[in-house]
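Take a look at the following structure, please.
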Protein chains: 2
Amino acid sequence: MSMAGTVVAEGSGSLHQRILTDISEKITSGAWAPGHRIPFEHELSVQYNCSRMTVNKALSQLAKAGLIERRRRSGSFVRRPQSQAAVLEIHDIRIEVEALGLPYRYERVARHKRRSSAGDRALLELGVAGPVLALECGHFAGERPFAHEQRLINLTAVPEAADEEFVAIAPGPWLIGRVPWSEAEHRIRAVAADRHIAAALDIETGAPCLVVERRTWSAEHPVTHVRFTYAAESHTLVARFRPQG
Amino acid sequence: MSMAGTVVAEGSGSLHQRILTDISEKITSGAWAPGHRIPFEHELSVQYNCSRMTVNKALSQLAKAGLIERRRRSGSFVRRPQSQAAVLEIHDIRIEVEALGLPYRYERVARHKRRSSAGDRALLELGVAGPVLALECGHFAGERPFAHEQRLINLTAVPEAADEEFVAIAPGPWLIGRVPWSEAEHRIRAVAADRHIAAALDIETGAPCLVVERRTWSAEHPVTHVRFTYAAESHTLVARFRPQG
DNA sequence: CGTTTCAATATGTATATACATAATCGTCAT
DNA sequence: ATGACGATTATGTATATACATATTGAAACG
């Protein structure tokens with residue numbers, strides 16, 4: 001539009017980034033309320049002294065992030081915040097324990113290879129019967145039990161798991177890297193410890209526990225179902241909302 | 001590169017999209033394992049018969065999504081899946097209850113305006129003392145208590161809240177839309193019901209409950225802290241991992 | 001033999017341009 | 001009035017091009 005040919009090296013970040021943060025700040029601060037029509041690409045390109053393509057890239061990104069809505073011929077509009085999506089980071093248990101500054105210890109409690117029961121198939125959302133590996137493991141922080149793991153592995157999807165004892169390595173890290181998961185679902189809830197869990201976690205029967213269940217698919221095939229049970233005091237999940245990356 | 005001047009209208013989606021899905025499928029299916037060097041922009045532009053810019057846009061997007069890592073002069077590489085980020089959708093309680101097919105009822109239990117105590121300031125992460133509004137509310141599904149809400153509103157950030165009784169409308173919906181939040185943090189844990197919560201939720205003292213605490217900021221200022229307590233049976237949080245939007 | 005320097009290379013960012021597509025507005029004939 | 005139609009407009013997508021920047025590898029040098 002003006003500096004034909006030459007590229008100006010802006011002081012800090014890229015122009016793209018500056019436009020992006022400028023506008024998303026205007027929106028999250030409330031200066032531009034939901035429904036507000038933000039300037040046309042043409043106007044912004046004049047304001048920022050750049051080409052329409054640069055503005056277009058930034059606005060397209062904001063549209064994909066869900067902050068604005070774009071309508072041809074009409075312009076771009078601020079959307080009202082919809083369902084609050086928060087990002088929940090689910091780490092490996094070893095990382096969590098070591099982040100607390102405590103020594104981590106893993107222990108395999110049980111391992112059974114069997115033909116999938118109806119219950120197994122329900123947990124794995126498996127259509128047909130087939131071999132599964134059922135595992136039970138303990139994760140310790142120092143001397144205290146930190147989490148109890150109950151896992152099913154679909155041996156049809158991961159036949160190599162049948163040859164692994166899971167004594168030296170926990171199933172989680174073993175599976176990661178070996179099986180590329182394409183989808184995962186987490187269910188989080190509170191339960192009262194039954195006798196089995198109470199013994200494993202060294203708490204009272206009936207004491208509150210946090211349960212995180214994860215089901216993982218790889219290319220449409222169910223891979224594994226795992227239930228982690230934490231004693232109430234030992235664990236808090238943190239999820240952060242981020243308007244932008 | 002070849003069709004100089006003319007634009008080919010591809011059958012289905014845009015080329016950009018096709019490159020994106022092609023590559024991310026290769027990665028999530030495991031065909032390209034972590035560490036694998038994906039073809040150079042130049043090679044892909046030949047393969048897809050398009051310009052380098054188009055390939056660049058797609059690869060940049062994959063890099064931002066965290067699927068690949070790009071190194072100048074070396075190329076682009078498949079990253080190993082790291083911390084599993086899941087998207088946790090946090091809905092309005094009315095929506096959740098009505099999704100269960102039950103009638104929703106809201107009730108304000110208590111409302112106190114006061115100068116912030118040390119505890120209030122800790123919950124809000126507030127530096128200086130100032131007026132706060134403390135609310136206690138019940139959310140019901142049919143006749144049963146569904147969730148108990150304990151909320152603090154920073155009146156320095158939201159002075160209008162001082163004039164609202166919160167009898168006809170719950171604080172959550174009232175705040176949304178009025179105060180544009182720019183950041184929120186959720187903490188999720190299991191607790192045993194104390195006598196107060198047990199009475200409010202009509203459960204036994206000591207029964208397990210799921211607690212979701214949310215802290216909200218708007219442009220660096222703490223806005224509100226809310227603690228929702230659910231009886232264990234009544235509620236499960238679901239988070240889904242998504243490799244791509 | 002180790003270090004410095006420099007050219008080659010792949011990505012990063014921006015530009016101008018072209019044409020497609022969808023929505024809106026005004027005009028004109030019915 | 002009303003409906004058809006074309007002009008206008010804003011976004012959507014792709015192109016070729018230019019130059020910046022970081023990194024690697026090889027050549028030059030002490």
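Side chains are part of it too, since the values below use all heavy atoms of this structure and drop only hydrogens, waters and symmetry mates. Below, chains carry the letters A, B, ... as their sequence lines are ordered, and counting in each starts from 1.
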Using atom CG of Leu62(B) as one end and atom C1' of dG12(C) as the other, report the distance to the nearest whole Å.
16 Å

Would Arg227(B) and Glu213(B) pass as an ion pair if we require N to O under 4.0 Å?
yes

Sequence neighbours left out, what passes salt bridge (Lys or Arg N to Asp or Glu O under 4.0 Å) with Arg37(B)? Give chain and number order.
Glu43(B)

What's the CE-C1' distance between Met53(A) and dT17(D), to the nearest Å?
13 Å

In this structure, how many angstroms lie between the P atom of dG12(C) and the CD atom of Gln17(A), rounded?
14 Å

Whole angstrom is fine here: how far is it from CD1 in Ile19(B) over to P in dT13(D)?
13 Å

Answer yes or no: is there a donor N or O on one side and an acceptor on the other, between the side chain of Thr21(A) and the main chain of Gln17(A), under 3.5 Å?
yes

Can a side chain N or O of Thr54(A) be found less than 4.0 Å away from OP1 or OP2 on dT15(C)?
yes

Salt-bridge contact Arg215(A)-Glu185(A) (side-chain N to carboxylate O under 4.0 Å)
yes

Distance in angstrom units between Tyr48(B) OH and dT13(D) C1', rounded:
17 Å

Is the ring pair His36(B)/Trp32(B) parallel, tilted or perpendicular, if the boundaries are 30 and 60 degrees?
parallel

When rounded to whole Å, the CG to P distance for the pair Leu44(A) and dT15(C) reads 13 Å

Can you tell me the distance, in whole Å, between the CZ atom of Phe77(B) and the P atom of dT23(D)?
13 Å

Does anything in residues 150-163 of chain A pair up under salt bridge (Lys or Arg N to Asp or Glu O under 4.0 Å), and if so which pairs, sequence neighbours excluded?
Glu149(A)-Arg151(A)

If you restrict it to nitrogen or oxygen atoms, what contacts under 3.5 Å exist between nucleotides 9-11 of chain D and the protein, and what is each distance?
residue: dT11(D); atom: OP2; partner: Glu41(A); partner atom: N; Å: 3.3
residue: dT11(D); atom: O2; partner: Arg72(A); partner atom: NE; Å: 3.4

For the pair made of CZ in Arg37(A) and P in dA23(C), what is the distance, rounded to whole Å?
18 Å

